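Since this is a predicted model, take the numbers as computed values, not measurements.
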Amino acid sequence: MAFKSYHNINSATDGTTVTLIRQGESAGNLKSIVIVSVDTAANSCALFLQNDTELVPYYILGKTSLPAGATLLLDSDDMLAFNNSSSGYSLYLQMYDATTKLNVLLKK
């Protein structure tokens with residue numbers, strides 16, 4: 001699967017845990033992640049890295065509440081750098097509500 005910069009996520013149809021970058025994509029380091037709540041209600045989400053063999057999550061962003069219409073920018077290069085090779089990690093977005101609607105923008 002090729003790297004995808006833009007994600008329009010609805011947990012009702014996509015599930016509550018969504019893969020943003022798959023292990024082995026070799027996407028390179030991210031410069032920023034923007035998470036936008038496009039819902040009419042507040043939602044909570046988290047971002048984590050996980051090696052798909054070990055299945056141990058490493059949270060970049062713990063459970064964080066986003067008010068309706070809010071935008072969260074993560075733009076620390078050293079925080080967003082991770083090994084995305086076939087022996088590295090996948091990047092996941094976890095949502096805590098079955099009706100969460102978020103846009104996620106990944107910049108390399």
Side-chain angles (χ1 to χ4, degrees):
M1 175 182 252
F3 175 80
K4 184 177 171 186
S5 297
Y6 305 103
H7 300 265
N8 186 16
I9 300 166
N10 181 341
S11 63
T13 56
D14 300 323
T16 56
T17 302
V18 175
T19 307
L20 299 175
I21 301 175
R22 292 196 184 286
Q23 182 177 330
E25 280 185 28
S26 298
N29 292 334
L30 295 176
K31 293 191 185 291
S32 66
I33 299 173
V34 176
I35 303 172
V36 181
S37 174
V38 292
D39 212 335
T40 57
N43 293 295
S44 294
C45 67
L47 280 171
F48 65 93
L49 300 172
Q50 182 172 282
N51 178 292
D52 296 337
T53 303
E54 298 169 1
L55 300 177
V56 176
Y58 298 96
Y59 285 85
I60 295 172
L61 179 69
K63 185 176 180 180
T64 301
S65 180
L66 291 175
T71 299
L72 176 64
L73 170 64
L74 303 171
D75 63 351
S76 175
D77 290 354
D78 57 340
M79 179 181 72
L80 300 175
F82 67 97
N83 176 359
N84 184 235
S85 69
S86 59
S87 62
Y89 297 87
S90 294
L91 176 65
Y92 293 94
L93 176 73
Q94 181 177 0
M95 294 157 289
Y96 295 89
D97 185 6
T99 60
T100 301
K101 295 178 183 173
L102 299 172
N103 285 340
V104 179
L105 298 91
L106 307 173
K107 183 177 180 188
K108 294 194 321 178

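Note that the OG1 atom of T17 and the CD atom of Q50 stand 9.0 Å from one another [nearest 0.5 Å]. Taken from CG in L47 to CG in L20, the straight-line distance is 6.5 Å, to the nearest 0.5 Å. For the atom pair L61 CG and M79 CE, the distance stands at 7.5 Å (nearest 0.5 Å). Here the straight-line distance linking atom OG of S5 with atom NZ of K108 works out to 7.0 Å at 0.5 Å rounding. How far CZ of R22 is from CG of L91: 12.0 Å, rounded to the nearest 0.5 Å. Note that OG1 of T99 and NZ of K101 are 8.0 Å apart. Values are rounded to the nearest 0.5 Å.
Residue pairs meeting the side chain to side chain donor-acceptor pair (under 3.5 Å) criterion with at least one member in residues 87-96, sequence neighbours excluded: D52-S90, D52-Y92, Y59-Q94, S85-S87. Applying the side chain to side chain donor-acceptor pair (under 3.5 Å) test to residues at least two apart or on different chains, the pairs with a partner in residues 31-44 are D39-N43, N43-T100.
With sequence neighbours excluded, the residues satisfying side-chain contact (heavy atoms from CB on, under 4.5 Å) with T16 are S11. Qualifying side-chain contact (heavy atoms from CB on, under 4.5 Å) partners for N84, counting only residues two or more places apart in sequence or in other chains: I21, E25, A27, F82. Applying the side-chain hydrogen bond (donor to acceptor under 3.5 Å, both in side chains) test to S76 and every residue at least two apart in sequence or in another chain returns D78.
For the pair L80 and L74, the tightest heavy-atom approach, listed with the atom from each and the gap, is CD1-O, 3.5 Å.
No chain of hydrophobic side-chain contacts below 4.5 Å, direct or via other Ile, Leu, Val, Met, Phe, Trp or Tyr residues, connects L66 to F48.
By the 4.5 Å side-chain criterion applied to Ile, Leu, Val, Met, Phe, Trp and Tyr, L105 is assigned to a cluster that also includes Y6, V34, V36, V38, L73.
Under a 3.5 Å cut-off, the side chain of Q23 and the backbone N or O of N51 do not form any donor-acceptor pair.
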*Would D75 and K107 satisfy side-chain contact (heavy atoms from CB on, under 4.5 Å), going step by step from the backbone distance to the final call?*
CA-CA 9 Å; D75 63 351; K107 183 177 180 188; over 6 Å; no
*Test side-chain contact (heavy atoms from CB on, under 4.5 Å) on M95 and V18 and set out the steps.*
CA-CA 8 Å; M95 294 157 289; V18 175; 3.7 Å; yes
*asked:* Using the rule given for side-chain contact (heavy atoms from CB on, under 4.5 Å), can you reason through L102 versus L93, listing the C-alpha separation, both sets of side-chain angles and the distance that settles it, and then say yes or no?
replied: CA-CA 10 Å; L102 299 172; L93 176 73; 3.9 Å; yes
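Side-chain contact between V104 and I9 is present, with heavy atoms from C-beta onward closer than 4.5 Å.
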